[in-house]
Amino acid sequence: MGAESNRSRFALILPAAGSGQRLGESIPKPFLSIAGRTILEHTLQPFVDTGALVHVVIPTEKNYIKTARERVITSFSHLSVEVIEGGSERQYSIEKGLDAMKAAGIDAKWVAVHDAVRPFITVDEIQRCLDAAVKFGAAIVAVPAKDTIKMVDLDKMVDQGDSAGNQDTYRIKHTPNRATCWQAQTPQIFDSTILKKAYEQARETSAVGTDDASLVEALGHDVYIVEGRRENFKITYPIDLTLTRWLMEGENA
Ligand code: CTP
Ligand code: MG
């Protein structure tokens, strides 16, 4: 099979099981409604639009399994989809997603992972990332770091009281050359054998990473970056939700 035919077979894990603490809304972020649709549906749309998606697994919090299933089936009636209960950390939600795919007999050669709260991903970015994954086995979408990144010493954290209340202070250990720093986004797309191995190793070593690529890197496998767009931000803080509403609803936001 050539790269083109492989391209037509990728499965997606869309983690949606977080509680959205930093956003502080009363319901989890993927289920907030904007412009008549949940963020989850907005995020899934471009993956469906690639025409290459064979199956999607959506880990959610237990109480949202039914809602997620209803919303996705209503919006994407012909899509092969499974909604499962997620885990206590993003990594465990993905792990459960991989287990669910195995149990369902889904053996797609390529597996993409994409945060359910990055609704501005485009078909072009997904396809470029998939092409790089087919070429190298592992690829992610990322953007060059905008700010200078500081590495700090967590052990040296000092609690300094002042008139405004207690504030944590961190000692800078190192400033990496900004040109070498990229901000990882999603999708992150992998040869499914490599991704499964990475998650097995993480389980064995009790390693916890904040993205999927870091687990693959820990295997010693090279991961490549495809340059994306800043619009593919993750809805994390209230400012991100304000911007999302503004971008999706314009002057009606
Ligand atoms: N996620 C998940 N399972 C978890 C934690 C997170 O599936 N146990 C998902 C989130 O629903 C989100 C994505 O992973 O779509 C990225 O995580 P993040 O932005 O950190 O979302 P939350 O964990 O919900 O937010 P916070 O960290 O502020 O609580
Ligand atoms: Mg989180």
Side-chain angles (χ1 to χ4, degrees), residues 11-34 37-48 53 55-72 75-76 81-101 111-121 125-126 129 140-143 168 183-190 195 198-199 202-203 206-216 228 230-245 247-248:
L12 171 68
I13 300 175
L14 202 60
S19 56
Q21 293 224 327
R22 287 169 290 180
L23 188 63
E25 291 284 321
S26 57
I27 63 169
K29 300 183 281 192
F31 301 99
L32 292 168
S33 202
I34 302 182
R37 272 180 138 190
T38 60
I39 290 173
L40 178 73
E41 291 162 276
H42 285 293
T43 305
L44 186 50
Q45 185 71 58
F47 286 90
V48 172
L53 179 61
H55 184 73
V56 58
V57 180
I58 307 176
T60 73
E61 206 256 302
K62 204 175 181 181
N63 296 333
Y64 285 87
I65 292 178
K66 192 164 166 273
T67 311
R69 196 174 282 137
E70 282 169 5
R71 298 301 317 200
V72 171
S75 271
F76 310 98
V81 57
E82 185 176 9
V83 183
I84 61 167
E85 183 177 356
S88 58
E89 297 287 340
R90 181 187 184 278
Q91 182 173 320
Y92 305 143
S93 294
I94 311 291
E95 197 175 340
K96 286 187 171 196
L98 287 170
D99 291 344
M101 281 203 306
V111 176
V113 181
H114 184 71
D115 295 322
V117 290
R118 291 187 190 269
F120 296 107
I121 188 67
E125 284 159 316
I126 298 165
C129 190
I140 72 169
V141 174
V143 289
D168 288 337
Q183 291 171 225
Q185 301 180 338
T186 64
Q188 303 197 344
I189 309 183
F190 309 92
L195 188 62
Y199 270 85
R203 193 184 331 210
S206 305
V208 181
T210 50
D211 74 347
D212 310 282
S214 58
L215 305 183
V216 173
R230 293 184 195 277
E231 286 83 347
N232 182 32
F233 58 85
K234 179 163 68 69
I235 302 171
T236 306
Y237 294 102
I239 182 70
D240 303 318
L241 186 60
T242 303
L243 183 57
T244 301
R245 288 197 198 284
L247 289 168
M248 285 188 182

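Residues: numbered from 1 along the sequence shown. Just follow the structure's listing: the first ligand is 1, and inside any ligand the first atom is 1. Being a predicted model, the structure only gives us computed values, none of them experimental.
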(request) Could you check if a side-chain atom of T244 sits within less than 4.5 angstrom of a side-chain atom of F120, using non-hydrogen atoms only? (result) yes
(message) Is the shortest side-chain heavy-atom distance between I126 and H114 below 4.5 Å?
(response) no
(request) For R37, check side chain to side chain contact (heavy atoms under 4.5 Å, CB included) against everything at least two apart and list the hits. (result)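 Partners of R37 under the side chain to side chain contact (heavy atoms under 4.5 Å, CB included) test: E41, H42, Q45, S75, F76.
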(message) Taking salt bridge (Lys or Arg N to Asp or Glu O under 4.0 Å) as the definition, give me every residue that meets it alongside E70, ordered by chain and number, with sequence neighbours left out.
(response)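 Once residues adjacent in sequence are excluded, the partners of E70 under the salt bridge (Lys or Arg N to Asp or Glu O under 4.0 Å) criterion are K66.
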(request) State whether D240 and R118 are salt-bridged, where the test is any N-O pair (Lys NZ or Arg NE/NH1/NH2 against Asp/Glu carboxylate O) under 4.0 Å. (result) no
(message) Strictly under 4.0 angstrom, heavy-atom based: which residues surround ligand 1?
(response)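 P15, A16, A17, G18, S19, G20, Q21, R22, K29, G87, S88, E89, R90, S93, D115, A116, V117, K234.
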Taking distance alone, no hydrogens or angles, what donor-acceptor pairs closer than 3.5 Å link side-chain atoms of residues 13-31 to residues at least two apart or in another chain?
from, atom 1, to, atom 2, distance (Å)
K29, NZ, I235, O, 2.8

